[in-house]
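The structure appears below as structure tokens.
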Amino acid sequence: GVVAVGELRGAWLALSTGMFEGPSLRWRDLGAPVVVVGAHGGSGASTTALAIAEATGAAHVLELAGPGQSGLVAAATAEFGEVGPGWVRGRRGVVVIDHLARWPDGSLIPAPAPVRAGGVLLVVDLAMVAAGERGLRAARELFERAVLVVVTAAATVPGMRRLDAILPLIPSSGVAVAVTGAPRRGLPRPVTAAFPPVVRGLAGAGRLVLVPDVPSLAVTGVTPDPLPAPVLAAGRQLCDLCLLYTSDAADEEDSVDLGG
């Protein structure tokens, strides 16, 4: 749904002033993630997170969304039930998917059970950040440790307005934008004209990726079927950016000022 800019800023203020508790040691033990943030509801964050995971190979996807908001609840090809307090685990090929079965009673979302494999990329879908809910409570440290933060927004003028609202709230220089539902022929002129200055800067730095419109996904959502090839191709582009930010080539000259 639509969230007021004041609500977003208020949620971020609560994080930065310490009103919310930070993540537990077990959250820190999960490793440096790729974080995917939806600038608004229905922006394709969960699909984008899964595309990054599948393009990478072995990956662990955490979706910080309740059962009514999960975009990956039907994505697994095998289900394993609850693994730890409040988390449900499934598998999709070599990708492990965890999503919240329910919101926990306590003040923190507990860390999920680890994946027993080496070299697994952690992809966190912070679905609740855009809604200003409990997912925000673990967000600050995840942002700070992220190898890349991907912000998704629909290929619409309102989607660009939401990007303009949320990008200044993200404390990371390693940011990319995924514009979802993009027409195959390219973005409409009103959408590109509505790019905030920071998005123009990210585009010029090669950090804007178009995720093509796939009508079947809009109808069914993500299912156990393979992701469409154009969506996977966008995931590979974002994976390339992950490699950039884990290499020595990602220095301060590559950063873009997100404002404040």
Side-chain angles (χ1 to χ4, degrees), residues 8 11-12 15-16 22-23 27-40 43-64 119-130 135-153 159-160 162-180 195-211 233-260:
L8 281 166
W12 185 253
L15 270 173
S16 60
W27 272 106
R28 293 197 295 271
D29 287 348
L30 290 174
V34 173
V35 177
V36 183
V37 186
H40 55 85
S43 68
S46 297
T47 302
T48 301
L50 184 60
I52 294 169
E54 292 204 342
T56 303
H60 183 192
V61 178
L62 299 180
E63 186 185 28
L64 293 184
V120 174
L121 177 69
L122 179 65
V123 183
V124 180
D125 174 11
L126 283 177
M128 290 295 97
V129 169
L136 273 169
R137 300 182 184 185
R140 184 177 181 84
E141 185 168 331
L142 289 172
F143 282 142
E144 291 173 350
R145 293 190 295 111
V147 295
L148 181 69
V149 177
V150 178
V151 185
T152 61
M160 298 305 102
R162 300 305 302 148
L163 273 179
D164 196 25
I166 199 172
L167 282 171
L169 307 181
I170 298 174
S172 173
S173 60
V175 173
V177 166
V179 177
T180 60
F195 276 6
V198 64
V199 174
R200 295 184 187 280
L202 290 169
R207 298 194 214 164
L208 186 146
V209 173
L210 301 184
V211 183
R236 291 189 190 96
Q237 287 181 263
L238 292 166
C239 283
D240 290 342
L241 290 175
C242 295
L243 293 174
L244 171 66
Y245 284 104
T246 53
S247 71
D248 292 336
D251 55 27
E252 290 184 356
E253 293 182 358
D254 293 321
S255 65
V256 171
D257 184 8
L258 296 180

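This is a predicted model, so every value here is computed, not measured. One is the number of the first residue; the rest follow in order along the sequence.
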Scanning both residues in full, the closest heavy-atom pair of G206 with L241 reads O-CD2, 3.8 Å
Mind listing the closest non-hydrogen atom pair of L148 and L238 along with its distance? CD2-O, 3.8 Å
Please name the pair of heavy atoms, one in H60 and one in V120, separated by the smallest distance, quoted to 0.1 Å. N-CG1, 3.4 Å
Given the rule in the side-chain contact (heavy atoms from CB on, under 4.5 Å) test, do L210 and L208 qualify, once you have shown the distances and angles that lead to the verdict? CA-CA 7 Å; L210 301 184; L208 186 146; 3.5 Å; yes
For the atom pair CZ (R162) and CG (L167), what is the distance rounded to the nearest 0.5 Å? 11.0 Å
For M160 versus A153, what's the shortest heavy-atom pair and its separation? CE-CB, 4.3 Å
Quick one: which of V35, D125, I52, V37 gives a side chain to side chain contact (heavy atoms under 4.5 Å, CB included) with V150? I52
Which of L64, V149, V151 passes side chain to side chain contact (heavy atoms under 4.5 Å, CB included) with L126? It is L64
Which atom names give the shortest non-hydrogen contact between G38 and T152, and what distance separates them? CA-OG1, 3.4 Å
For V61 and A49 the tightest heavy-atom approach is CG2-O, 4.5 Å
For the backbone of S43 and the side chain of T180, can you confirm whether one donor and one acceptor N or O come within less than 3.5 Å of each other? yes
